[in-house]
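A quick note: this is a predicted structure, and the numbers were derived from the prediction, not measured.
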Amino acid sequence: MGRYLLRRLLQLVPVFIGTTFLIYWLVWAVPGDPFAGKCGERRCPDQYIAFMTEKYHLDQNVFVQYANYMKNLLQGDFGQTFSQREISDIILTSYPNTLKLAVVALAIEAVIGLGAGVLSGLRRNGFLDNLVLVSTLFLIALPVFVVGFVLQWLLGVQWGIIKPTVSSEMRWSELIVPGFVLGSASVAYIARVARTSIAENRRADYVRTAIAKGLPMRRVVGVHLLRNSLIPVVTLLGTDLGALMGGAIVTEGIFGINGIGRQVFRAIITKESATVVGIVVVLVLVYLVMNLLVDLLYAALDPRIRYE
């Protein structure tokens, strides 16, 4: 296991470098003039352009710029915005809010999605199975912003069950509805994957043997059937955490959450390239780490899987 972990960590290095370089190149090199619109409708003064060009090495090629950026990044310096605000402060302020929202969404996915998938897989072609298939198809077909606006209007405006926007305290109870909105599509995918996995493994020999030995059905499902069926579900849940944090722009905008998504949106609108790169670098790190943890969980779920 130790050798495998070390090998995987080494594999993450070129993936991280390649991904972040591509992001850096797309954000800094492709858009064109980085000073367009920075000084209103007027052209920025030459002194300001010269100062910012030297500070961000904009007069050098993208490889040199990226090397300088990574050197500073390894020292914990994410750089500054054009308004001289530290990007690390922006990340530290908004990242916990998005992480909290993503954790709620992930918990909702695991509870509702896995629960619906298990019940549906155990009762294939029944009423509950058809209900799960129809409802999940409905969630997949609806865009996130439609689900968000409908729930906000019904639960917040019409019925008064929740507040239409989340308060600055970000209480866990306030994040249940936004968390469901953020993870609505993933709930449907997890339910369908769990349903298929449960239905396939139920016909396996080890399940038939467990039933023939007279084990209670609860133990057969909970210990034998569910454990092996969780592998594809864990894959989805693990990789989905990074996707949830990156895809929270719409949900945070609807419910007024000051998170990473809103910061990325503002940075794109104002062409704060350094902010976009800094936030996306953090999301890439989270995504890579979650993929590594998912691989390590495989061995815990299925004893047949061994890493050398």
Practice task
Would you confirm whether N130, through its side chain, and G126, through its main-chain N or O, come within 3.5 Å as a donor-acceptor pair?
Solution key: yes
N/O donor to acceptor pairs below 3.5 angstrom from side-chain atoms of residues 151-158, sequence neighbours left out:
unit_1 : atom_1 : unit_2 : atom_2 : d
Q152   : NE2    : P164   : O      : 2.8
Q152   : NE2    : I254   : O      : 2.8

Exercise for the section: Check step by step if side-chain contact (heavy atoms from CB on, under 4.5 Å) holds for E86 and F78. Expected result: CA-CA 7 Å; E86 292 291 336; F78 283 82; over 6 Å; no
Handout entry: Closest approach of P232 to V193 (non-hydrogen atoms, all atoms of both residues)
Key = CB-CG1, 3.7 Å
Problem - side-chain contact (heavy atoms from CB on, under 4.5 Å) between F145 and V250, intermediate numbers included - result: CA-CA 6 Å; F145 68 88; V250 175; 3.5 Å; yes
Completion exercise
Sorted by chain and number, sequence neighbours left out, side-chain contact (heavy atoms from CB on, under 4.5 Å) with V289 holds for L293
Handout entry: E174 versus K163, closest heavy-atom pair with distance
Key = OE2-CD, 4.2 Å
Practice task
Using modelled atom types only, decide if a donor and an acceptor are shared between the side chain of R192 and the backbone of T136 within a distance under 3.5 Å.
Solution key: no
Handout entry: Cluster check L237, F180: I/L/V/M/F/W/Y, side chain < 4.5 angstrom
Key = yes
Fill in the blank from the handout: On a heavy-atom basis, the closest approach of V104 and G179 is CG1-CA, 4.2 Å
Handout entry: Within one Ile-Leu-Val-Met-Phe-Trp-Tyr cluster: I90 and I257, side-chain cutoff 4.5 Å
Key = no
Problem - Linked, directly or transitively: L288 and V277 (ILVMFWY side chains, under 4.5 Å) - result: yes
Would you list the atom pairs, donor with acceptor, under 3.5 Å between side chains in residues 10-22 and any protein atom, with sequence neighbours excluded?
unit_1 : atom_1 : unit_2 : atom_2 : d
Q11    : OE1    : R8     : NE     : 3.4
T19    : OG1    : V15    : O      : 2.7
T20    : OG1    : F16    : O      : 2.6
T20    : OG1    : I17    : O      : 3.1
T20    : OG1    : Y66    : OH     : 2.7

Fill in the blank from the handout: Note: A102 and L182 closest approach over all heavy atoms is CA-CD2, 4.4 Å
Practice task
Would you kindly say whether N258 and S94 are connected by a side-chain donor-acceptor distance under 3.5 Å?
Solution key: no
Exercise for the section: Answer yes or no: is there a side-chain heavy-atom contact under 4.5 Å between Q263 and I279? Expected result: yes
Exercise for the section: Taking all non-hydrogen atoms of both residues into account, name the closest pair between A188 and I140 and its distance. Expected result: CB-CG1, 3.5 Å
Practice task
Consider only side-chain N and O atoms of E252 and T98, and report whether a donor and an acceptor are under 3.5 Å apart.
Solution key: yes
